[in-house]
2 protein chains.
Amino acid sequence: MAEHAGVSPGVVSRVVNANGSVSERTRERVLASIAELGYRPHSAARELRTRTTNTIGLVLADVANPFFSQLADHIVRHAADVGLGVLLTTTQEDPAMELKSIELLLQKRVGGVIAAPGTENAAAWRHMRETGVELTFVDRFIDRIPGIDVVGMDNEHAAHSATTALIERGHRRIALVSGPSETSTGRERIAGHRRALQEHGIDEDPGLVIELAFRPVEAETALAGIVALPQPPTALIVGNTAVSASVVTHLRSAGISVPQDLSVIVFHDAEWTALTSPPLTVVRHRLDELARHAVDMLHTRLNSPERLRRREKRLPSELVIRPSIAQVGD
Amino acid sequence: MAEHAGVSPGVVSRVVNANGSVSERTRERVLASIAELGYRPHSAARELRTRTTNTIGLVLADVANPFFSQLADHIVRHAADVGLGVLLTTTQEDPAMELKSIELLLQKRVGGVIAAPGTENAAAWRHMRETGVELTFVDRFIDRIPGIDVVGMDNEHAAHSATTALIERGHRRIALVSGPSETSTGRERIAGHRRALQEHGIDEDPGLVIELAFRPVEAETALAGIVALPQPPTALIVGNTAVSASVVTHLRSAGISVPQDLSVIVFHDAEWTALTSPPLTVVRHRLDELARHAVDMLHTRLNSPERLRRREKRLPSELVIRPSIAQVGD
DNA sequence: TTGTACGCGTTATCAA
DNA sequence: TTGATAACGCGTACAA
């Protein structure tokens with residue numbers, strides 16, 4: 001390249017990066033050569049020399065889940081807007097796969113990572129952070145790791161709203177299908193649910209809180225157990241996006257009519273939730289905002305020389321009332 | 001690293017890559033240092049030296065679309081299985097964004113790319129291929145680019161089956177919402193539809209074929225036009241996954257009852273298609289197979305020294321009959 | 001079996 | 001304003 005333009009490599013570098021001074025005449029000669037040769041700076045060489053990357057990692061459980069896929073879409077877009085490439089990795093909620101993801105991103109020397117972490121690899125995440133990789137947890141997070149930003153939903157409040165909406169419609173036996181209480185989202189949603197019950201003096205029935213792994217499993221057995229109770233619930237909140245389609249499928253095939261037999265609220269407003277009969281009441285998240293904050297937080301960290309302290313951002317969600325919930329007894 | 005183990009860099013390399021001979025004693029000493037220091041080979045340095053990457057690019061329109069998101073999930077998984085990282089890029093069907101994606105991947109010197117290309121950047125794709133980047137088109141493809149593998153669905157046959165199923169139920173006026181005929185999928189699906197009509201001696205009404213961009217737009221105006229026809233169709237095939245949810249939404253709000261007023265078939269068996277009322281007849285694709293073939297094709301190319309000739313793989317799809325289609329007049 | 005020396009394509013420094 | 005030179009971390013001949 002440099003020889004084709006008849007200059008030294010240093011000059012080419014200054015032209016490409018608009019950095020340092022170069023006479024207009026040679027600048028044009030270099031530009032001409034660049035166009036002619038279809039020259040593109042070699043990313044790896046640049047990374048090696050500057051010790052920086054414009055690539056970030058994105059570690060999610062499962063991009064087939066509409067919640068994560070929409071999130072990923074927004075993250076990839078926002079990242080591209082600020083000139084960052086995204087190395088996508090999925091874990092299928094498997095700690096071993098998550099570890100492999102971390103390993104890969106470590107080798108690639110990505111500047112930062114956006115992740116919805118599982119519960120098992122706290123040490124690995126901490127180590128990654130200590131290696132100097134900037135980290136932003138999105139949606140879920142692990143406690144007690146310093147220097148890692150967190151951006152998530154107001155799960156506690158959202159669950160509280162959902163449960164309250166049902167209580168106000170006369171429901172007393174409200175089931176909750178949530179994620180594992182080992183996860184931050186699971187914990188927070190269960191907590192919000194409980195608080196709403198307590199505020200209305202309703203005794204909690206532990207049998208009505210079902211923790212399912214965040215995997216697209218068959219929800220049949222779990223639901224069958226609930227429905228077969230001597231006093232079955234009159235309402236159901238699904239706070240686990242990975243199983244919500246499966247839950248709705250089962251309600252159908254089990255002949256449970258919504259909302260007559262069971263009022264239903266689902267977390268995450270996937271594109272189909274208004275298409276069922278009846279349309280589903282949902283907790284709607286602003287995934288675009290979630291993604292924007294995650295990318296921005298990481299981006300500022302990447303460009304800030306000093307170590308920032310941990311930041312946490314909570315985004316509000318909205319309860320969208322649709323006909324899947326009704327006054328009890330109606 | 002080398003100094004910590006008290007050996008030369010060359011030895012470390014041979015240990016790490018299990019390449020070349022090294023005495024058991026020093027091997028262990030090196031391994032110990034590796035563990036102690038948490039040493040990981042620097043990806044960029046290795047790439048620079050060996051002129052190879054274990055990263056591939058994935059260029060899709062829009063990961064929020066369930067079709068692409070499921071595809072992406074499988075691709076990321078299969079790629080990880082063979083030790084490949086995936087740099088994900090989205091175009092939103094915008095040629096300019098697609099070009100930026102190509103540019104990014106070119107700079108990153110990825111070894112190969114899996115893409116569902118748009119129609120506008122044929123020259124850029126060709127150039128990428130000529131640069132030595134292995135290319136596999138998935139789902140869609142651009143003609144006349146040599147040395148690029150293609151793996152896709154049997155769109156012509158699938159559309160033919162769908163239309164035939166409707167004809168067999170007495171339908172004569174069958175509308176088709178497809179992608180642009182500039183795209184391979186659009187063309188093929190329209191062709192299959194036409195062939196079925198011709199085989200049954202049905203005159204084609206050009207007004208019943210609606211080409212919509214592959215974007216999650218409001219399908220309202222397009223559908224309103226069809227329904228307002230003097231002789232509205234009795235059946236509708238949606239061969240454009242980006243708009244199918246929007247189409248179904250509109251049918252609902254317009255008070256069109258399925259299948260009494262309109263029989264409906266949709267391409268791609270998203271997780272919600274069985275949850276609508278009535279459940280939707282769908283063309284089901286094997287996205288896992290699609291992904292597997294795409295990754296395998298690219299992977300073999302990456303590891304094969306000689307230039308292979310173009311390969312094309314078509315995967316069968318399945319028509320899953322559900323209550324959304326009925327005998328005409330029923 | 002091990003070490004030395006060079007090169008991969010950049011950028012940064014310094015001298016010209 | 002420009003060029004020469006070193007260095008980034010690794011792999012690979014080749015010499016020891």
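Reckoned from all heavy atoms, side chains included, excluding hydrogens, waters and symmetry mates. Each chain gets a letter, A, B and so on, in the order the sequences are listed, and its residues count up from 1.
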[N] [atom2] sits how many Å from [X] [atom1], rounded?
{"X": "Glu24(A)", "N": "dT2(D)", "atom1": "CD", "atom2": "C1'", "answer": "16 Å"}
{"X": "Ile34(B)", "N": "dC10(D)", "atom1": "CD1", "atom2": "C1'", "answer": "13 Å"}
{"X": "Glu47(B)", "N": "dT12(D)", "atom1": "CD", "atom2": "C1'", "answer": "18 Å"}
{"X": "Leu48(B)", "N": "dG7(C)", "atom1": "CG", "atom2": "P", "answer": "14 Å"}
{"X": "Glu3(B)", "N": "dT4(C)", "atom1": "CD", "atom2": "P", "answer": "13 Å"}
{"X": "Arg25(A)", "N": "dT1(D)", "atom1": "CZ", "atom2": "P", "answer": "14 Å"}

As a test of reading the structure: which of [options] is closest to the side chain of [X], going by heavy atoms?
{"X": "Ser23(A)", "options": "dA12(C), dC10(D), dT2(D)", "result": "dT2(D)"}
{"X": "His42(A)", "options": "dT1(C), dG9(C), dG3(D)", "result": "dG9(C)"}
{"X": "Ala45(A)", "options": "dT10(C), dC10(D), dG9(D)", "result": "dT10(C)"}

Review point. Hey, does Thr55(A) have a side-chain heavy atom less than 4.5 Å from the side chain of Lys108(A)?
Key: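 Result no, sub-4.5 Å side-chain heavy-atom pair not found.
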Practice item. Indicate, yes or no, whether a donor-acceptor pair under 3.5 Å links the base of dT10(C) to the side chain of Arg49(A). Key: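 Side chain to base: no pair below 3.5 Å.
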**Study point:** Residue mapping more 5' on DNA chain C - nearest nucleotide basis, Thr50(B) or Val7(B)
**Key:**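 Of the two residues, Val7(B) wins.
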Study note, to complete from the structure: Walking DNA chain C from its 5' end, the first of Asn19(A) and Val22(B) to be reached, judged by nearest nucleotide, is Val22(B)
Any side-chain N or O of [X] below 4.0 angstrom from OP1/OP2 of [N]?
{"X": "Arg46(A)", "N": "dT11(C)", "value": "yes"}
{"X": "Ser13(A)", "N": "dA12(C)", "value": "no"}
{"X": "Ser8(A)", "N": "dT2(D)", "value": "no"}

Point to revise | Glu24(B) atom CD, neighbour heavy-atom count above 12 within 6.0 Å | key: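 Yes, CD of Glu24(B) has more than 12 neighbouring heavy atoms, counting only those of other groups under 6.0 Å.
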Check your understanding: Leu135(B) and Met128(B): side-chain contact (heavy atoms from CB on, under 4.5 Å), yes or no, with the steps?
Key -> CA-CA 8 Å; Leu135(B) 220 41; Met128(B) 182 172 226; 4.1 Å; yes
Practice item. Indicate, with a heavy-atom threshold strictly under 4.0 Å, whether Arg40(A) touches base, sugar-phosphate, or nothing. Key: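 Result for Arg40(A) = sugar-phosphate.
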Review point. At under 4.0 Å between heavy atoms, what does Arg51(B) touch on the DNA or RNA strands: base, sugar-phosphate, or nothing?
Key: sugar-phosphate
Practice item. Say whether Lys100(B) and Thr91(B), considering side chains only, have a donor N or O and an acceptor N or O under 3.5 Å apart. Key: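 There is no such pair (donor and acceptor under 3.5 Å, judged by atom type) between the side chains of Lys100(B) and Thr91(B).
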Review point. Looking only at side chains, do Thr136(B) and Glu134(B) share a donor and an acceptor under 3.5 Å apart?
Key: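 Side-chain D/A pair, Thr136(B) to Glu134(B): absent.
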Practice item. Identify, between Thr26(A) and Pro9(A), the residue whose nearest nucleotide on DNA chain D lies closer to the 5' end. Key: Thr26(A)
